[in-house]
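Numbers here are sequence positions counted from 1.
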Amino acid sequence: MKEIEVLTKDVQGTVSQAQIDALAAEAKAGFDHVVNGTGAGNDFLGWVRLPGEIKAADLDDINDTAEKLRKNCDVVVAIGIGGSYLGAKAVIEALSNHFDSLRCDKLPKVLFAGQNIGEDYLYELQEYLRDKRFGIIVISKSGTTTEPAIAFRLLREQLEKQVGREAAKDLIVAITDAKRGALRTLADTEGYKTYVIPDNVGGRFSVLTPVGLLPIAVAGFDIKALVAGAADMEAKTLSGESKESLIYAMTRNALYRAGKKTEILVNYNPKLHFFSEWWKQLYGESEGKDQKGIFPASVDNTTDLHSMGQWIQEGERTIFETVISVASTEHELRIPADADNLDGLNYIAGKRVDEVNKMAELGTRIAHVDGGVPNIRIVIPDITANTLGHLIYFFEAACGISGHILGVNPFNQPGVEAYKKNMFALLEKPGYEAETAAIKAKL
């Protein structure tokens with residue numbers, strides 16, 4: 001089986017293969033823009049050949065830093081927001097044992113901060129860390145983004161109080177701009193170990209840079225296998241051996257033009273919950289511009305069949321689903337027989353839990369397609385570091401192509417600045433006096 005296979009037969013009731021194929025020229029043009037850097041946003045295409053260009057020595061250095069943090073810390077807090085935390089969180093959650101957090105032999109824990117401004121969240125995090133040996137990975141190109149900057153102020157002060165300023169320097173790693181910005185200045189002054197966020201890689205495409213690789217390595221996972229998977233998918237995509245990214249981009253845009261404005265990414269494995277969160281940022285921030293764009297949503301099935309299932313089955317027919325099907329699980333568990341059979345489940349006694357799960361997936365796909373919800377199916381062999389590398393690159397490539405089909409710049413995010421200007425004005429940040437006055441006049 002292919003590393004990733006995109007199956008589109010269950011969209012045929014909404015769009016025909018001819019309608020999908022009609023987008024081939026636009027998809028090819030989008031592909032060429034991405035590969036050759038000839039389209040909008042071409043200064044943010046560093047991710048395109050990134051996996052294949054990562055050197056073994058770079059990965060060894062990241063692994064060495066991760067090992068030092070693991071040796072000296074019970075907990076490592078990765079501070080970042082958006083792409084500066086979602087990629088790492090997605091991979092760590094996908095590869096983790098669900099219950100490792102309950103076991104004292106699985107240290108250090110990787111926790112996250114700076115992805116919100118929740119006062120209770122930060123207070124409770126600091127309380128948790130008071131008797132822990134902890135380190136910090138702070139991720140910010142500028143060092144002035146509000147959410148991570150607040151978290152870093154709090155945790156840096158706490159760390160220095162707990163171990164002293166000199167010792168704290170060895171427990172803080174900064175991932176930031178190569179030459180400029182507040183965090184770069186601080187890191188150089190204090191002597192923190194640093195890694196660089198490449199200028200030509202946007203945050204939502206940065207999981208395969210130190211931004212994602214260092215937290216993943218600290219959590220104990222194989223970043224070399226992750227990068228190798230992505231590099232393999234890169235080679236196959238750029239050579240044309242794999243056309244899966246093109247197929248996905250064409251199909252979702254054909255559905256969008258047919259009135260399907262919302263895409264729901266569906267998984268049947270709870271390990272993929274945060275992968276869906278990463279995917280939502282990747283596509284939402286890349287395509288939601290100029291009053292255009294497919295709205296990215298997600299569900300975790302079968303859990304959400306008991307909440308969102310009704311709406312998906314019989315709600316407004318403006319949606320389509322993209323289902324990630326995992327061919328094999330890591331473990332095997334069979335359902336036991338019961339002499340009394342009070343729950344009536346003896347008819348599935350002896351079957352693997354995964355077989356039941358797959359029949360739930362198949363039954364749901366049939367029901368939703370019959371109910372007017374077209375389905376794209378993405379089949380992956382398993383959930384391993386190598387496969388996740390394939391999947392990350394597949395979605396990134398498809399995103400760039402899809403944005404160009406849509407007619408937007410898929411690599412900028414001008415809309416995210418609007419809330420910041422209002423927030424700064426309301427907080428009376430120096431330099432925002434006119435905005436402050438204007439907002440107060442509206443209140």
Side-chain angles (χ1 to χ4, degrees), residues 69 73 75-89 92 108-165 168-169 171-177 180-195 197 202-204 206 210-212 214-215 218 274 277-278 281 285 413 415-433 435-436 439:
L69 288 172
C73 302
V75 179
V76 175
V77 183
I79 298 175
I81 195 166
S84 294
Y85 99 98
L86 277 169
K89 180 76 169 173
I92 290 170
K109 298 180 180 70
V110 176
L111 303 180
F112 293 86
Q115 79 277 34
N116 59 52
I117 320 177
E119 187 164 20
D120 288 341
Y121 182 96
L122 289 166
Y123 178 89
E124 290 164 8
L125 175 60
Q126 288 201 280
E127 284 297 301
Y128 172 77
L129 294 172
R130 291 205 189 279
D131 61 349
K132 306 292 190 303
R133 300 183 310 152
F134 77 94
I136 298 170
I137 301 169
V138 55
I139 306 164
S140 176
K141 196 162 185 62
S142 66
T144 59
T145 303
T146 305
E147 295 89 341
I150 289 172
F152 185 48
R153 272 201 181 196
L154 289 166
L155 295 180
R156 176 188 169 210
E157 179 186 65
Q158 179 176 355
L159 182 60
E160 290 178 349
K161 285 181 178 178
Q162 288 184 201
V163 303
R165 184 173 175 180
K169 292 178 182 180
L171 298 173
I172 298 174
V173 179
I175 305 176
T176 187
D177 190 86
R180 59 188 180 274
L183 183 54
R184 167 53 64 183
T185 299
L186 177 64
D188 289 346
T189 299
E190 295 294 320
Y192 301 152
K193 171 73 175 180
T194 62
Y195 291 97
I197 302 173
R204 58 190 177 274
S206 68
V211 168
L214 181 57
V218 170
F274 274 96
E277 296 301 305
W278 170 81
Q281 189 213 1
E285 204 168 65
Q413 55 279 342
V416 301
E417 299 302 317
Y419 91 89
K420 294 180 183 179
K421 292 178 182 178
N422 289 340
M423 180 177 69
F424 294 154
L426 288 164
L427 290 169
E428 301 185 10
K429 181 178 180 177
Y432 285 78
E433 290 80 8
E435 290 85 351
T436 299
I439 283 186

Pairwise side-chain contact, I150 with L122, heavy-atom cut-off 4.5 Å (strictly under):
yes

Nearest heavy-atom contact between L155 and A113 is CD1-CB, 4.2 Å

Are a donor atom and an acceptor atom from the side chains of Q115 and Y121 found within less than 3.5 Å of each other?
yes

For V211 and S206, which heavy atoms make the closest approach, and how far apart are they?
CG1-OG, 3.5 Å

Value for CZ (R204) from CD (Q281), rounded to nearest 0.5 Å, stands at 7.0 Å

Considering only NZ, NE, NH1 and NH2 on the basic side and carboxylate oxygens on the acidic side, decide whether R153 and E157 come within less than 4.0 Å.
no

What one should report as the nearest heavy-atom pair of E160 and Y192 is OE2-OH, 4.4 Å

Distance check, rounded to the nearest 0.5 Å: I92 atom CD1 versus Y85 atom OH?
12.0 Å

Return the minimal non-hydrogen interatomic distance between I197 and S140, and the atom names on each side.
CD1-C, 4.0 Å

Any chance you could lay out the side chain to side chain contact (heavy atoms under 4.5 Å, CB included) test for T146 and F424, step after step, and finish with the verdict?
CA-CA 10 Å; T146 305; F424 294 154; 3.4 Å; yes

For P148 against G80, the heavy-atom pair lying closest together:
CB-CA, 4.2 Å

Please assess K132 against Q162 for the test side chain to side chain contact (heavy atoms under 4.5 Å, CB included), listing each intermediate value before the final yes or no.
CA-CA 9 Å; K132 306 292 190 303; Q162 288 184 201; 6.0 Å; no

Please report the C-alpha distance between F152 and L183 in whole Å, then the side-chain angles of each, then the deciding distance to 0.1 Å, and finally whether the side chain to side chain contact (heavy atoms under 4.5 Å, CB included) criterion is met.
CA-CA 10 Å; F152 185 48; L183 183 54; 4.1 Å; yes

Taking atom CD of E435 and atom NZ of K421, what is their separation to the nearest 0.5 Å?
8.0 Å

Of the non-hydrogen atoms in T176 and K141, which two are nearest, and what is the gap between them?
OG1-O, 3.1 Å

Tell me whether the guanidinium CZ or amine NZ of K193 lies under 6.0 angstrom from the six-membered ring centre of Y195 and within 45° of its axis.
yes

Among I79, L186, V138, exactly one meets side-chain contact (heavy atoms from CB on, under 4.5 Å) together with R156. Which residue is that?
L186

Approximate separation, where rounding is to 0.5 Å, of L171 CG and R133 CZ
9.0 Å

NZ of K429 to CE of M423, rounded to nearest 0.5 Å, is 8.0 Å

Using a 6.0 Å cut-off, check whether atom CD of E127 has over 12 heavy atoms from anything other than its own residue.
yes

As an exercise, state the distance from CD1 of I81 to CD1 of I139, rounded to the nearest 0.5 Å.
12.0 Å

Verdict with supporting geometry, L69 and I137, side chain to side chain contact (heavy atoms under 4.5 Å, CB included):
CA-CA 10 Å; L69 288 172; I137 301 169; 4.1 Å; yes

Please say whether more than 12 non-hydrogen atoms of neighbouring residues, nucleotides or ligands are located less than 6.0 Å from OH in Y128.
yes

